[in-house]
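One is the number of the first residue; the rest follow in order along the sequence.
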Amino acid sequence: MRVGIGYDIHRLVEEKKLFLGGVEIPYIKGLVSHTDGDVVLHAIADAILGALAMGDIGKHFPDSDPGYKNMPSGDILQRVARLLAEKNFVIGNIDTSIIAEEPKIYPFKEKMVENIANILGVERSKINIKATTNEGVGSIGKGDAIAAYAVATLELKT
């Protein structure tokens with residue numbers, strides 16, 4: 001078994017769409033990023049790449065490459081899933097924590113789980129999403145950013 005940890009954070013700005021876990025969330029702000037800014041999918045991709053000992057999404061999808069500009073993060077996670085298969089591993093489980101003061105995550109959680117399971121080709125029972133606030137502390141607590149942590153366990157394909 002292998003384990004990887006991923007983390008991502010992006011600033012919130014007006015006049016951008018907000019995507020979390022591959023779901024468009026109705027909100028007055030969105031996340032600034034070279035791609036669509038989905039911190040959940042970025043953290044999961046980094047966790048999987050970490051467990052594979054293959055670097056991070058910055059290595060595989062550099063923001064200096066205009067080809068990745070505005071790329072949907074679901075496409076990033078699909079490409080990481082292909083690397084996972086090429087290395088003969090499967091997902092054991094994915095556990096993700098979203099840290100945001102707003103918007104409320106709970107109403108969108110099941111759709112996020114469904115999207116992530118579909119992208120990775122795994123059962124929904126292997127994906128977990130939690131949400132918490134930063135209790136008013138720091139840029140997240142002030143509502144200026146959203147972050148996500150993810151842990152991935154991988155098993156050799158049998």
Side-chain angles (χ1 to χ4, degrees), residues 4-52 56-58 60-63 65 67-85 90-136 138-154:
I5 299 171
Y7 171 77
D8 197 29
I9 184 171
H10 290 291
R11 288 182 300 113
L12 283 162
V13 295
E14 292 183 8
E15 299 184 21
K16 286 263 311 184
K17 291 181 179 183
L18 177 61
F19 294 94
L20 295 172
V23 176
E24 185 176 342
I25 310 282
Y27 190 57
I28 58 172
K29 295 179 181 178
L31 296 166
V32 176
S33 175
H34 186 68
T35 64
D36 67 10
D38 189 327
V39 293
V40 174
L41 298 186
H42 292 181
I44 292 170
D46 264 347
I48 294 168
L49 287 168
L52 292 171
D56 59 22
I57 61 174
H60 294 269
F61 310 95
D63 62 8
D65 185 334
Y68 300 122
K69 181 82 172 149
N70 298 318
M71 178 184 232
S73 296
D75 291 356
I76 291 172
L77 191 55
Q78 282 178 336
R79 291 180 188 193
V80 170
R82 283 196 294 271
L83 292 173
L84 177 75
V90 294
I91 300 290
N93 80 304
I94 302 284
D95 186 33
T96 306
S97 291
I98 303 167
I99 306 96
E101 295 302 306
E102 292 182 338
K104 295 294 182 199
I105 303 302
Y106 184 79
F108 307 99
K109 197 169 84 165
E110 287 306 312
K111 182 64 176 161
M112 289 182 204
V113 169
E114 182 181 322
N115 282 343
I116 295 163
N118 287 339
I119 291 168
L120 295 174
V122 300
E123 300 167 16
R124 292 169 58 118
S125 63
K126 294 188 175 211
I127 309 297
N128 188 55
I129 295 180
K130 305 177 299 283
T132 189
T133 68
N134 226 33
E135 301 293 332
S139 61
I140 296 171
K142 293 176 184 156
D144 294 333
I146 294 178
Y149 289 93
V151 175
T153 62
L154 308 181

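- Side-chain atoms of T35 and H42 include a donor-acceptor pair closer than 3.5 Å.
- The shortest distance between side-chain heavy atoms of I48 and I91 falls below 4.5 Å.
- Taking each heavy atom of F19 and L31 in turn, the nearest pair found is O-CD1, 4.3 Å.
- Shown are N134, D144, I146; of these, the side chain to side chain contact (heavy atoms under 4.5 Å, CB included) with E101 is made only by N134.
- The salt bridge (charged side-chain N to carboxylate O under 4.0 Å, His left out) pairs that include a residue from residues 34-43 number zero, where partners must be two or more places apart or lie in different chains.
- Every residue two or more places apart in sequence or in another chain was checked for a ring pair (Phe, Tyr, Trp, His ring centres under 6.0 Å) with Y27, and none qualifies.
- For E15 (side chain) and K29 (main-chain N/O), no donor-acceptor pair under 3.5 Å exists by modelled atom type.
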Problem set entry | Verdict with reasoning, I116 to T96, per side chain to side chain contact (heavy atoms under 4.5 Å, CB included) | CA-CA 11 Å; I116 295 163; T96 306; 5.6 Å; no
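- Side-chain polar atoms of H34 and D63 form no donor-acceptor pair below 3.5 angstrom.
- In terms of heavy atoms, V39 sits closest to H10 at CG1-CD2, 3.3 Å.
- Between L20 and M112, the closest heavy-atom pair is O-CG, 3.4 Å.
- When all heavy atoms of L154 and A51 are compared, the pair lying nearest together is CD1-CB, 3.4 Å.
- Proximity of L120 to K126: side-chain heavy atoms (C-beta onward) are nowhere separated by under 4.5 Å.
- From D8, atom CG reaches atom CD1 of I57 across 5.5 Å, with rounding to the nearest 0.5 Å.
- Under the 30°/60° scheme for interplanar angles, the aromatic rings of Y7 and Y149 are found to be tilted.
- Atoms CD1 and OG, from I119 and S73 in turn, are 9.0 Å apart once rounded to the nearest 0.5 Å.
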Problem set entry | Working for side chain to side chain contact (heavy atoms under 4.5 Å, CB included), residues M71 and I76 | CA-CA 8 Å; M71 178 184 232; I76 291 172; 3.5 Å; yes
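- Rounding to the nearest 0.5 angstrom, the gap separating the NZ atom in K104 from the OG1 atom in T133 is 7.5 Å.
- Taking all atoms of both residues into account, the shortest heavy-atom contact from G21 to V40 is N-CB, 3.5 Å.
- Partners of A145 according to the side-chain contact (heavy atoms from CB on, under 4.5 Å) rule, which considers only residues two or more places apart in sequence or in another chain, are I9, S139, I140.
- Under the 4.5 Å side-chain criterion, counting only non-hydrogen atoms from C-beta, L49 is in contact with L83.
- Counting heavy-atom neighbours within 6.0 Å of K130 NZ, excluding the residue itself, gives a total above 12.
- One finds the OG atom of S33 at 8.5 Å from the NZ atom of K69 (value rounded to the nearest 0.5 Å).
- Closest of all the heavy-atom pairs between L41 and G22 is CD1-N, 3.8 Å.
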For this session: Take D75 and F61, measure what side chain to side chain contact (heavy atoms under 4.5 Å, CB included) needs, and give me the verdict at the end.
Result: CA-CA 11 Å; D75 291 356; F61 310 95; over 6 Å; no
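- Rounding to the nearest 0.5 angstrom, the gap separating the CG atom in N118 from the CD atom in E114 is 5.5 Å.
- Taken from NZ in K109 to CG in N128, the straight-line distance is 6.5 Å, to the nearest 0.5 Å.
- For I28, the CD1 atom counts as densely surrounded, since its 6.0 Å shell holds more than 12 non-hydrogen atoms of other residues, nucleotides or ligands.
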